[in-house]
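Contents: one structure, followed by commentary.
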Amino acid sequence: MSKKSRSQQWFGGDSMNAFIHRSWMKNGGLPDDMFDGRPVIGICNTFSEFTPCNAHFRGLVEHIKAGVLDAGGFPLEFPVFSCGESILRPGAMLFRNLAAMDAEEAIRANPMDGVILMAGCDKTTPSLLMGAASVDLPSILISGGPMLNGRHRGGILGSGTDIWRLSEEVRAGVISREEFVAAESGMSRSPGHCTTMGTASTMASMSEALGVTLPGNAAYPAVDARRAKLARLTGRRAVEMVKEDLRLSHLLTRQAFINAIRVNAALGGSTNAVLHLLALAGRMEVELTLQDWDDAGRSVPTLANVMPSGKYLMEEFCYAGGVPAVQSEIRDLLDLSVMTASGKTLGENLEGVENFNTDVIRTRDNPIVENGGIVVLRGNLVPDGAVIKPSAATPALMKHRGKAVVFTSMQDYKARIDDPDLEVDENSILVLQNCGPKGFPGMPEVGNMGLPRKLLKKGIRDLVRISDARMSGTAFGTVVLHAAPEAAVGGPIVLVRDGDIIELDVEGRRLHLDVDEAELERRRMDWSPPHAPETGYKGLYIRHVMQADKGADFDFLVGCRGSEVAEDSH
Ligand code: FES
């Protein structure tokens, strides 16, 4: 190891500063030779008991540290803000960029030569990757792994996906409140993150598809011994990556992002991946646009028969072969020459990979959906784009013309959705405004608005829904999301009124508000921005968050700022 390593800028030599840097670290009993120039590996841990999906990380990190020590490195764990999805208010997405800032500054400010990112719950993965990308040290990610399958009354329950169904059934009076409550324990019965191909499993899979994890990262359950083994191997590999100077910028190339978009289509992955990959590409200064999602992913068949697009959960997906088996099925659509964190190309990683269950991971001639992927819609209602996930939508609604039922906010929606006098029927299109990045703020996962009770009682289970919000990766329905520009900046979605005719044509990539331009202009003149100035982090967020088609990162965080820190306060 060269004396010029990054950590040796702190720990090497005989200066007063070197004494300070070493001496305080030794208060934990570290021997002198830990500062001899061996690679220092920072372990960025998103453990929090308020993030139940990551609450097992105190155990997992010990396997990582053992791996770093095996390979002759020096592991040092540090905490960053833990962006848990299920608890944080008003929503974890509001804090993704804050967590990314925390990770970036913590990595840069500390004497590490490489970094291991411990992620699990939805936003913990993109926030760590975004922060690490802006520093660009040798970096590798390990996910915490999904929970074991939910089990209830002899069947399986998928995180999130079955909540939407159960909550609509309890509202419709189909199941009792007692059964609803009993399902809670059965759904979450081991450590780990959501069991469906929701955003957490999607982002774990995207990390694997981008090549920033070891193969197999996404699918091993949190409690599977192979997860602990992967953690140990990840620790070892991080040390080797420092020696090879294999940095994120060598892995996160445009080809890797296009590969990931295609894998996302084959997985039926979350629409949230669109935002996170766009933001990550921005950090890495890689050219990637919203349109790339449609161009690269649309023709790829969905093969993973996993909720919400299919019927199985991540546990079966693991036993069938996980992400490598999916990559192998679509290998002709991938650039196999990209380098990965394993030190091998994707093509080399896929040698010998098998699909062990062709009902869980379908073959190309028997897909779940012929053309999976994310469709990017455009039109006078969404000039900068909106997205829909056809694999989670109702085929009969993919081309639809209906009257708008407009809600101006989440509060307005909650107050009126079950009003018996609400003018709504099975042909209506629900429109939700002011839930975009700036509008809520933080772009909540409310785009899959629950249906009016009176339609649920008639057996209606899907309507076209349009918003500038996001949707949980575990959700389903004919749901148009991420409308850009959003309502809060005067995007056309704010001009929609009750009774307006909207045309959705997924095949034609079109979302049209059938109101003449003069009338829209008149409405535009009546509009004024909704926000009183905010202070604190929320104020910073509203001032600097970019629109959904740019990944909703902060404008001042785009780009890679490197790992150099010239100043030292001592
Ligand atoms: Fe954490 Fe779903 S709530 S992964």
Side-chain angles (χ1 to χ4, degrees), residues 45-58 60 80-96 99 117-129 141-150 156-167 183-208 213 217-224 227 264 267-273 275-276 306-309 312-315 317-318 323 392 442-448 470-476:
N45 194 340
T46 49
F47 161 81
S48 165
E49 288 180 336
F50 286 109
T51 304
C53 309
N54 299 16
H56 59 299
F57 282 14
R58 285 201 285 209
L60 191 66
V80 292
F81 184 80
S82 187
C83 246
E85 197 68 30
S86 57
I87 300 287
L88 279 180
R89 287 185 176 178
M93 185 63 177
L94 179 65
F95 304 110
R96 183 200 65 178
L117 309 170
M118 292 182 70
C121 196
D122 300 16
K123 307 302 176 294
T124 58
T125 301
S127 60
L128 296 194
L129 283 174
L141 183 140
I142 179 160
S143 303
M147 293 184 277
L148 295 175
N149 281 2
I156 63 168
L157 283 183
S159 313
T161 303
D162 280 309
I163 298 176
W164 317 125
R165 179 180 60 74
L166 290 166
S167 61
E184 292 168 3
S185 303
M187 184 173 288
S188 308
R189 63 188 189 91
S190 85
H193 58 67
C194 287
T195 55
T196 45
M197 190 54 78
T199 305
S201 290
T202 298
M203 290 310 299
S205 302
M206 290 296 89
S207 304
E208 190 171 338
T213 73
N217 170 72
Y220 293 129
V223 296
D224 193 311
R227 174 68 52 190
N264 188 68
L267 293 172
S270 166
T271 46
N272 284 320
L275 295 164
H276 300 322
V306 179
M307 290 185 198
S309 300
Y312 295 108
L313 293 173
M314 289 301 288
E315 200 179 327
F317 182 66
C318 172
V323 170
M443 213 180 172
E445 292 186 333
V446 294
N448 57 317
R470 296 178 302 118
M471 169 172 91
S472 166
T474 63
F476 52 87

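Counting starts at 1 for both ligands and their atoms, in listed order.
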Task: Among Thr125, Asn54, Leu117, the one residue meeting side chain to side chain contact (heavy atoms under 4.5 Å, CB included) with Thr46 - done: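 That would be Asn54; it is the only one of Thr125, Asn54, Leu117 passing the side chain to side chain contact (heavy atoms under 4.5 Å, CB included) with Thr46.
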Identify, by atom number and element, the atoms of ligand 1 in contact range of [X], meaning under 4.0 Å from any of its heavy atoms.
X      : answer
His193 : 4 (S)
Glu85  : 3 (S)
Asp122 : 2 (Fe), 4 (S)
Cys121 : 1 (Fe), 3 (S), 4 (S)

- [ ] For atom 2 (Fe) of ligand 1, grab the closest protein heavy atom and report residue, atom and distance to one decimal in Å.
- [x] Cys194 SG, 2.1 Å
Task: Beyond-backbone contact of Ser86 with Pro52, side-chain heavy atoms, under 4.5 angstrom - done: yes
TODO: Measure the shortest side-chain to side-chain distance between Ser201 and His193 over non-hydrogen atoms and say whether it is less than 4.5 angstrom.
DONE: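 Yes, side chains in contact.
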- [ ] Classify the side-chain pair Asn217/Ser143 by whether it contains a donor and acceptor separated by less than 3.5 Å.
- [x]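 There is such a pair (donor and acceptor under 3.5 Å, judged by atom type) between the side chains of Asn217 and Ser143.
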Task: Ser82 and Thr51 side chains, donor-acceptor separation under 3.5 Å - done: yes
Open item on the list: Side chain, backbone, both or neither: which applies to Ala200 and ligand 1 if a contact is any heavy-atom pair less than 4.0 Å apart?
Closed with: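 For Ala200, only side-chain atoms sit under 4.0 Å from ligand 1.
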Open item on the list: Please report the interatomic distance CG(Asn448) to CZ(Phe476), rounded to the nearest 0.5 Å.
Closed with: 8.5 Å
Open item on the list: Suppose we only count N/O/S atoms under 2.8 Å; would Cys53 qualify as near atom 1 (Fe) of ligand 1?
Closed with: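 Short answer: yes, at least one N, O or S atom is under the cut-off.
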